[in-house]
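Down below is the structure, laid out as structure tokens.
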Number of protein chains: 2
Amino acid sequence: MLSKKTKYGIKALVHLARQENRIPVQISTISKSENISQKFLESILLTLKKNGVLGSKKGKGGGYYLLKDPKDIPMTNVMRLLEGPIAMVPCVSLNFYEKCDDCPDEEVCAVNKLMLKVRDNTLEIFRNTTLADLSN
Amino acid sequence: MLSKKTKYGIKALVHLARQENRIPVQISTISKSENISQKFLESILLTLKKNGVLGSKKGKGGGYYLLKDPKDIPMTNVMRLLEGPIAMVPCVSLNFYEKCDDCPDEEVCAVNKLMLKVRDNTLEIFRNTTLADLSN
DNA sequence: TTTTACCCTATCGATTTACTAGAGTAATGC
DNA sequence: GCATTACTCTAGTAAATCGATAGGGTAAAA
């Protein structure tokens, strides 16, 4: 299940991508427009900023804005930041790999085999979908 | 993240599918061989039985066995029983559809658009993968 | 009639999730 | 300067879920 954190994060990013210009958008504006708890959204935008997706401007007329062109922001990037691993099990994860402690041999593990296929496919989608694709 | 329930369930099913004949296999046997808590496994096999995937035989020489040929058991079936919805958000789920209460219009929702693609792809994999495919 | 092994209910600690509270700090415009 | 605005950060918390455990009940086979 997709977490609300990721869901809200994507919605906020799309909101910013749909903005005509690069003028900073206040948290409260996004919060109201997308029906997201302001404080919760605050923490989400903060992690997006810390990881180089967003920039922010303080003071009057401040807010958050995209640092890159929406077409240069693949969803793999966003998903990994907000949701974490794309794989459904750590033993098939590229960026968050972990060995299963109960599994003697990954080579013959059916779960591994199945989830590897799913990960490859999902990854492909996230790689080939940018923020721009979602903003039309 | 895939739940242990599903993970264990798949492993148990594969164990049964790899069995030469259709002789019932005891829970304790599967439990030891696959490193799964016996009591936990018990509840998993029970739901698989209740939903027509497994049969059971009581008393001495009893145990669980597959009711169908492994090649006739698609993973969609197994996944929905154990893991629940295949979609990452309820608003793109086929069997567990639910409207998002915060989303005014699914047609323009970026999350919906993205997760629909993921679901279609994942579903395709689960549909085209049977227990037999995982048991080789 | 005893043993085996499935069947069922209840509980529980740990973790995660979604969110809230509240104080602090930097920048902007007047 | 200085008040205002709006981002920054730390904690905490209610609720839900997960993974597992405990323990007794019951059906069927030998």
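So you know, we letter chains A, B, ... as the sequences are listed, proteins then strands, and number each from 1.
In the set D:dA29, C:dT28, D:dG19, C:dT28 carries the atom at the smallest distance from any side-chain atom of A:Lys57. Closest to the B:Lys58 side chain, of the nucleotides C:dA18, D:dG19, D:dA27, is D:dA27. Side-chain atoms of A:Tyr8 lie closest to C:dC19 of the nucleotides D:dT8, C:dC6, C:dC19. Checking C:dA18, D:dT21, C:dG22 against every side-chain atom of A:Lys39, the shortest atom distance belongs to C:dG22.
Side-chain nitrogen and oxygen atoms of A:Ser37 include none within less than 4.0 Å of the OP1 or OP2 phosphate oxygen of C:dA18. Within the 4.0 Å cut-off from OP1 or OP2 of D:dC7, not a single side-chain nitrogen or oxygen of A:Lys60 is found. The side chain of B:Lys49 contributes an N or O atom lying less than 4.0 Å from OP1 or OP2 of C:dC7. Close to C:dA5, at under 4.0 Å from its OP1 or OP2, lies no side-chain N or O of B:Tyr64. The phosphate of C:dA5 has neither OP1 nor OP2 within less than 4.0 Å of any side-chain N or O from B:Ser56.
Here the C1' atom of nucleotide C:dA18 and the CG atom of A:Leu41 are 13 Å apart, to the nearest Å. Atom-to-atom, CD of B:Gln38 to C1' of D:dA22 comes out at 13 Å; the value is rounded to the nearest Å. Remark: P of C:dC6 and NZ of B:Lys50 are 15 Å apart, rounded to the nearest angstrom. D:dT8 atom C1' lies 15 Å from atom CG of A:Leu48, rounded to whole Å. B:Ile27 places its CD1 atom 17 Å from the P atom of D:dA27, with the value rounded to the nearest Å. Atom CZ in B:Phe40 sits roughly 17 Å away from atom P in C:dT9 (whole-Å rounding). B:Gln26 places its CD atom 17 Å from the P atom of D:dA28, with the value rounded to the nearest Å. Between B:Ile44 atom CD1 and C:dC8 atom P the separation is 16 Å, expressed in whole Å.
Distance alone, capped at 3.5 Å, places no donor-acceptor pair between the B:Lys11 side chain and the B:Thr6 backbone. The backbone N or O of B:Ile36 lies less than 3.5 Å from no partner atom in the side chain of B:Lys32, so there is not a single donor-acceptor pair. Put simply, the side chain of B:Ser43 gets close to the backbone of B:Phe40: a donor and an acceptor are under 3.5 Å apart. A donor-acceptor pair under 3.5 Å links the side-chain atoms of B:Asn128 to the main chain of B:Glu124, judged by distance alone.
Among the atoms of the strands shown, none is found under 4.0 Å from any heavy atom of B:Lys7.
Sequence order on DNA chain C of the closest nucleotides to A:Lys4 and B:Val25 puts B:Val25 first from the 5' end.
For D:dC7, the base has no donor-acceptor partner in the side chain of A:Glu42 [N/O atoms by modelled type, under 3.5 angstrom].
With salt bridges taken as basic N to acidic carboxylate O contacts below 4.0 Å, none links B:Asp102 and A:Lys4.
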